[in-house]
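Everything numeric here is computed off the predicted structure, so don't read it as measured data. We use all heavy atoms of the structure for the numbers below, so side chains are in, but hydrogens, waters and symmetry mates are not. Convention: sequence-line order gives letters A, B, ...; per-chain numbering from 1.
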Amino acid sequence: MSGSRDIRQERFLREAVVEYHGRLMHWADALVEFLAERFREQGVSHVVVNGGLSVSGLQHVGRLRGEIIIGDVVARLLSEKGFTVEQKLTLYTQDAWKGKASQRKQFSDPEEAKRYTGWPLIRVPDPLGELPSWVDRYWKDFGPFINEFTWGRVEVVTTTDMYRGKLKEFVKLSIEKREEIRRIINKYRGRKPYPEGWIPFEPRCSRCGRIDRTVALEADLPAEKVRYRCRSCGNEDWAPLWDGKLNWRIEWVGVWWALGVKFEPYGKDHATPGGSRDSANELAEKVYGLRPPEGLPYEWVAMRTPDGREQDMSSSDFVGFTPREWLEVAEPELFRFLVLRTPPMRKLVVGLHEVPLYYDWYYRAERVYYGRESTGKKSEDLLLARSYELSYTEQVPPREMPAQPPYTHLAILAQVVPRELWESEAVKRLVASGHLPENPDEASLQRVKRLLPRAYRWAQLYAPEQLRIRLLESLPGEIVERVPDEYRELLARLGDVLAGLEQWSEEAIKKAMIEFTRGWEGSRRRRFYHYLYLVFLGRESGPRAAPLFSLLPRSYVVERLRGLRR
RNA sequence: GGGCCGGUAGCUCAGCCAGGCAGAGCGGCGGGCUUUUAACCCGUUGGUCCCGGGUUCAAAUCCCGGCCGGCCCGCCA
């Protein structure tokens, strides 16, 4: 490979902050520095960044890391250096559906779904029978959200479309050069070498639909078709050059060739020296005279579940969660931040139940970025500040640091304040509690507006029981039974007091309650509050009572309390 | 057979490249905020730096050899 350094040995793949050309840098900056040098040497000024993924099942957030976000950051930083850039994402929709148990399970009749085994993904039906295909089904929770995680310039292409266009020319070229190709590929296929006369194209069988079991027998290039035999059903037929696929190594080169790719990261499954990426590079150079794109090996993303177990996310095994699920409970910038603070070859572990923790980290990085705080270490400050800065997609961080309302606080608030009051009452209370400044700036308000619905959703879906608050609409008998007579009377009397208040305000309620419990022993007060929460929330603790009551109709509060009287 | 990442406080991790008093956040515990909290404030607790050897005045850090955990590739994509 033209004698230049192998990126796999670079420190910036493993260390978050590195010294590069004598300067301390964020790994992403060092990477781009590295790439810019290569491109200048090659006389490349227009850079096509590509990512690739096969829609074999669940499109989890791990796919965002290497194939989209890293590419996005590289494209953005290269353009700041004066390069023109494009970003593509190639969907391998012609790949064969493997028919793994986990894939078949998506269908109501997994047994019957066996018949799709070996079909191109794009032709496998939607398991739910609503969308045109399997691809559409699983692209649904991923594709539409790419823009939120990026600059919004990612152009999606499918190999299915490409075979009808530019890749068809590449197929012809490959059939012409089949002997050269065979010689190289067979180096990697010791035990199963392709025989002499092998044609590097696998058509889709017109009878059984499989794309993974056919052997091309002869090619008619002017007519753009090949004759084949299906090793699965025995069918022999002619197929057009667009209705099939190339052996994957060749296809990969074809994508580079068709799109003019100059940079494409690759997952750890392709990163072994002498492995798939290296062999594709060799094909590109020796057969097609094509300079292979610059690459970047990256680790996958694993998922941590609340019980502490972790597992690599896997598309075809349906392990992980999707960008849509992430956006339900957190902002896209937060995910970018996690990706950016982790060097590419280190595993990134995420769990949706840990979102509040990630916001703690993010806020800290934000304070460092705005110079409000320091970790005491130059390299750590640099990592946090730069990761924070690059976490922004279209915009840059605001001039003034936004307020940092703690995520769990918002989760509680959102459950206590009715949804229609989030922009009024919830904001008011955040100001009162000091989580928002007196006259909140736009960025702070935006953050609260974006986070309240997300924190609410998070509380419903992933929060521990302790943080989940739900008002009891009616009072179940078994809860009443748990309240001793003495306290039932006390609570009912509190109801009387509240009923007589001139004003139904937080302040008035708080005063009344303090007055009501004045002089009580600690244990009595504690038990009183426990039963108070019990009859409203079904548990023994909750958010501060006065602010909570002030948001509820007085009649509801009073009736609940008085209803306890024997 | 080959390759990658990790092992430091109960948990999540920083520190290692470039050796110099073992750190942060969270948790726990105690206290405060006139009940509570994965809110806020103050204080406090906490370690065989995986093991063994080597280099060194000095090793979590460098070198050698192991062990453990997670993962990838071995001609599918």
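In this structure B/rG1 sits in a base pair with B/rC73, meeting the Watson-Crick or G-U test at under 3.5 Å. In a base pair of the Watson-Crick type (N1 to N3 plus N6-O4 or O6-N4) or a G-U wobble (N1-O2 and O6-N3), with each distance short of 3.5 Å, B/rG10 is matched with B/rC26. Pairing for B/rC33 is absent, judged as Watson-Crick or G-U wobble with the two contacts each under 3.5 Å. Taking a pair to require two hydrogen-bonding distances under 3.5 Å in either a Watson-Crick or a G-U wobble arrangement, B/rC62 pairs with B/rG54.
For the pair A/Tyr266 OH and B/rG3 P, the interatomic distance rounds to 16 Å; values are reported in whole Å. Counting to the nearest Å, the C1' atom of B/rU12 and the CG atom of A/Leu357 are 7 Å from each other. B/rC73 atom P lies 22 Å from atom NZ of A/Lys187, rounded to whole Å. Protein atom CG of A/Asp360 is 12 Å distant from nucleotide atom C1' of B/rA39, rounded to whole Å. The interatomic distance linking A/Leu348 (CG) with B/rU12 (P) rounds to 15 Å, in whole Å. As a whole-Å value, the separation of A/Leu121 CG from B/rC76 C1' is 13 Å. Atom-to-atom, CD of A/Glu310 to C1' of B/rU12 comes out at 11 Å; the value is rounded to the nearest Å. Here the C1' atom of nucleotide B/rA24 and the NZ atom of A/Lys378 are 20 Å apart, to the nearest Å.
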Give the C-alpha distance, both sets of side-chain angles, the deciding distance and a yes or no for side-chain contact (heavy atoms from CB on, under 4.5 Å) between A/Val355 and A/Tyr462. CA-CA 9 Å; A/Val355 162; A/Tyr462 310 111; over 6 Å; no

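Contacts of A/Lys245 with the nucleic acid, taken as non-hydrogen atoms under 4.0 Å apart, involve only primed sugar atoms and P, OP1 or OP2. A/His530 comes within 4.0 angstrom of no nucleic acid atom, judged by non-hydrogen atoms across all strands. Contacts of A/Trp252 with the nucleic acid, taken as non-hydrogen atoms under 4.0 Å apart, are absent. Counting any heavy atom pair closer than 4.0 Å across all strands shown, A/Tyr533 reaches a base atom. Residue A/Ile185 is classed as having no contact, given no heavy-atom separation below 4.0 Å to the nucleic acid. No contact: A/Ser54 has no heavy atom under 4.0 Å from any strand. Note on A/Arg468: nothing from the nucleic acid sits closer than 4.0 angstrom, heavy atoms only.
Residues passing the salt bridge (Lys or Arg N to Asp or Glu O under 4.0 Å) test with A/Arg213, sequence neighbours excluded: none. The salt bridge (Lys or Arg N to Asp or Glu O under 4.0 Å) test applied to A/Asp317 returns A/Lys100, not counting sequence neighbours. Legend: residues meeting side chain to side chain contact (heavy atoms under 4.5 Å, CB included) with A/Leu537, ordered by chain and number and at least two apart, are A/Ile469, A/Leu471, A/Tyr533, A/Arg539, A/Pro543.
When each of B/rU35, B/rC72, B/rU12 is scored by its nearest atom to the side-chain atoms of A/Arg304, the top-ranked nucleotide is B/rU12. Comparing atom distances between the A/Lys192 side chain and each of B/rC76, B/rC72, B/rG70 picks out B/rC76 as nearest. Here B/rC4 is the nucleotide among B/rC76, B/rG2, B/rC4 with the atom lying nearest to any side-chain atom of A/Arg14.
When the C1' atom is compared between B/rG7 and B/rC51, the two are found 11 Å apart, to the nearest whole Å. If you take atom P in B/rU55 and the same atom in B/rU12, they sit 36 Å apart, rounded to whole Å. Nucleotides B/rG6 and B/rA14 have their P atoms positioned 9 Å apart, rounded to a whole Å. Going from the P atom of B/rA18 to that of B/rC76 covers 43 Å, rounded to whole Å. Across B/rA22 and B/rU35, the matching P atoms stand 43 Å from one another, rounded to whole Å. Using P as the reference atom, B/rG46 and B/rC64 are 37 Å apart when rounded to the nearest Å. When the P atom is used for both B/rC63 and B/rG20, the distance is 15 Å, rounded to whole Å. Atom C1' of B/rC49 sits at a distance of 15 Å from the matching atom of B/rC21, rounded to the whole Å.
Note that A/Arg63 lies outside the cation-pi zone of A/Phe142, set by a 6.0 Å cut-off to the ring centre and a 45° limit from the axis. With A/Trp361 as the aromatic partner, A/Arg341 meets the cation-pi criteria of under 6.0 angstrom to the ring centre and within 45 degrees of the ring axis. Figure legend: cation-pi geometry between A/Arg277 and A/Trp252, with NZ or CZ positioned under 6.0 Å from the six-membered ring centre and within 45° of its axis.
For the ring pair (Phe, Tyr, Trp, His ring centres under 6.0 Å) condition, the pairs that include at least one residue of residues 300-320 of chain A, sequence neighbours left out, are A/Tyr138-A/Phe318.
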N/O-N/O pairs, protein side and nucleotides 14-19 of chain B side, under 3.5 Å:
from: B/rA14; atom 1: OP1; to: A/Arg346; atom 2: NH2; distance (Å): 2.6
from: B/rA14; atom 1: O2'; to: A/Glu380; atom 2: OE1; distance (Å): 3.2
from: B/rC17; atom 1: N1; to: A/Arg11; atom 2: NH2; distance (Å): 3.2
from: B/rC17; atom 1: O2; to: A/Arg11; atom 2: NE; distance (Å): 2.6
from: B/rC17; atom 1: O2; to: A/Arg11; atom 2: NH2; distance (Å): 2.6
from: B/rA18; atom 1: N6; to: A/Glu19; atom 2: OE1; distance (Å): 3.0

Write down the protein N/O and nucleotide N/O pairs, taken from nucleotides 40-43 of chain B, whose separation is under 3.5 Å; answer none if there are no such pairs.
none

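Ring centroids of A/Tyr388 and A/Tyr362 are separated by less than 6.0 Å, placing the two rings close together. Taking the ring centroids of A/Trp134 and A/Tyr116, they lie at or beyond the 6.0 Å cut-off.
Within the 4.0 Å cut-off from OP1 or OP2 of B/rC72, not a single side-chain nitrogen or oxygen of A/Lys347 is found.
For A/Lys187, the NZ atom is densely surrounded, since the number of other residues' heavy atoms within 6.0 Å is greater than 12.
A salt bridge does not link A/Glu299 with A/Arg346: every distance from a Lys NZ or Arg NE/NH1/NH2 to an Asp or Glu carboxylate oxygen is 4.0 Å or more.
RNA chain B is contacted by both A/Arg364 and A/Pro273; A/Pro273 maps to the nucleotide lying nearer its 5′ end (nearest heavy atom per residue). Along RNA chain B, the nucleotide closest to A/Pro356 and the one closest to A/Lys98 are compared, and the more 5′ of them pairs with A/Pro356.
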